[in-house]
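Encoded as structure tokens, the structure appears first; notes follow it.
Below, each value reflects all heavy atoms present in this structure, side chains not excepted, and no hydrogens, waters or symmetry copies. Here the structure is a predicted model, which means the values were calculated and not measured.
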Amino acid sequence: MRITGARVFDPQKGFVSGELCLQGGTIVSHSDGESVELPGCYLVPGLTDLHFHGCVGEDFSDATPDGLQAMAEYELCRGVTQICPSGMTLGEDQLMKICQNAAAHKAGGGKGAELVGLHLEGPFLCRAKKGAQNADYLHDPDVPMLHRLQEAAKGLVKMVTLAPEQPGSQEFIRYASREGIQVCVGHTTADYDTATAAFEAGARQVTHLFNAMPPFTHRTPGVVGAAFDRSDVMVELISDGIHIHPSVVRAVFRLFGAHRVILISDSLRATGMPDGIYPFGGQEIRVCGNRATLAHDPDTLAGSVSDLMACMVTAVSFGIPLKDAVTAAAVNPAKALGIYDRVGSLDAGKEANIAVLNPDLTLRAVLFRGEVVSGAL
């Protein structure tokens, strides 16, 4: 297949006019197959969401095969072709079930977006900045526990969030980093020096920048300042129009550069669902429009109800260039998870996972391994 007339994403040049050729589920440099004309459309790599909890009424932490399958299918139809769903702060018994469910889904070759890993957002967090996490299950960083969970997950644990001020953090960070697990600083009261020490030990990412951490001020720069000073650290950003003010979204892209920002959805089971009350990690959340809060504490945000494609388009509406938004939603998360060699860009030789956007950035079609799985060309 040859797709012509569209604007094709290039990580260095932005969007270039040209053709994109596909063959056998792979992007190739030349094809003699059928030609499809898509004038004015944008071709972007399938997105990778490395921090989300659920959608369409399902939650990853429920650890049900049908639920994970439904999540993967929904994400794929929204142009998110790779997923790394996030667990919550729960007891080890439930975390084991989450890991086992993910491993079974991966081994069974489930339909929908490809499961490329899982993210343990908890239980290694601090009480003061737990956010919507359940304090009953908070746990100091624990290397043997991580090892047990990784065994249950058959190696699928790719990311762990921790508060580096908690006892045992330094040993935990060094161990996880040696095992190829991305350690993220988050849900923390860490000051600049503590966060810097975590990055020196091997942490390389910040979980939802600004949320659940001390503010960035001129005398106490905290986690934000420590991350800025390390060129090898990426920062997650929830660009749903609720968690972060548009001015701050623009500032983060200017401060860190598009190559260090990872857009995430942090989406909940209420994503793709009507307003109402929904369970969440042993608690309840209330969803009203685009805002989700703890039902008993309406001032505490509990994740988003926007998928990653919607967050990417929202970032563009805030003034972020489309090239930079795509970089943050497709390129950078793939690099963070170590899968950029096969997905995350439209280079020849990579998997033909493609989101086709109309000129107004609405989603027109999704191709997964070269096949149209949603919409139409």
By ring-ring contact (aromatic ring centres under 6.0 Å, His included), which residues pair with [X], not counting sequence neighbours?
| X | value |
| --- | --- |
| H119 | H51 |
| F172 | F124 |
| F9 | F15 |
| F60 | none |

Would you check if there is a donor-acceptor pair between the side chains of T314 and S317 at a distance under 3.5 Å? no

Side chains of E179 and Q150: donor-acceptor distance under 3.5 Å anywhere? no

If you look at every heavy atom in L50 and I264, which pair is closest and at what distance? CD1-CG2, 3.8 Å

With a cut-off of 6.0 Å (strictly less than), are more than 12 heavy atoms of other residues, nucleotides or ligands near [atom1] of [X]?
| X | atom1 | answer |
| --- | --- | --- |
| E37 | CD | yes |
| R230 | CZ | yes |
| R127 | CZ | no |

Is there a donor-acceptor contact under 3.5 Å from the side chain of [X] to the main chain of [Y]?
| X | Y | value |
| --- | --- | --- |
| E351 | G25 | no |
| Q82 | D49 | no |
| R7 | L43 | no |

If I take atom OG from residue S265 and atom CE from residue M312, how far apart are they, to the nearest 0.5 angstrom? 13.0 Å

Determine, for F368 and K111, whether the Lys NZ or Arg CZ falls below 6.0 Å from the six-membered ring centre while staying within 45 degrees of the axis. no

Do NZ/NE/NH1/NH2 and the carboxylate oxygens of D10 and K323 come within less than 4.0 Å? no

With R204, which residues qualify under salt bridge (charged side-chain N to carboxylate O under 4.0 Å, His left out), at least two apart? D232

Those residues at least two apart in sequence (or on a different chain) that pass side chain to side chain contact (heavy atoms under 4.5 Å, CB included) with T300 are L294, D297

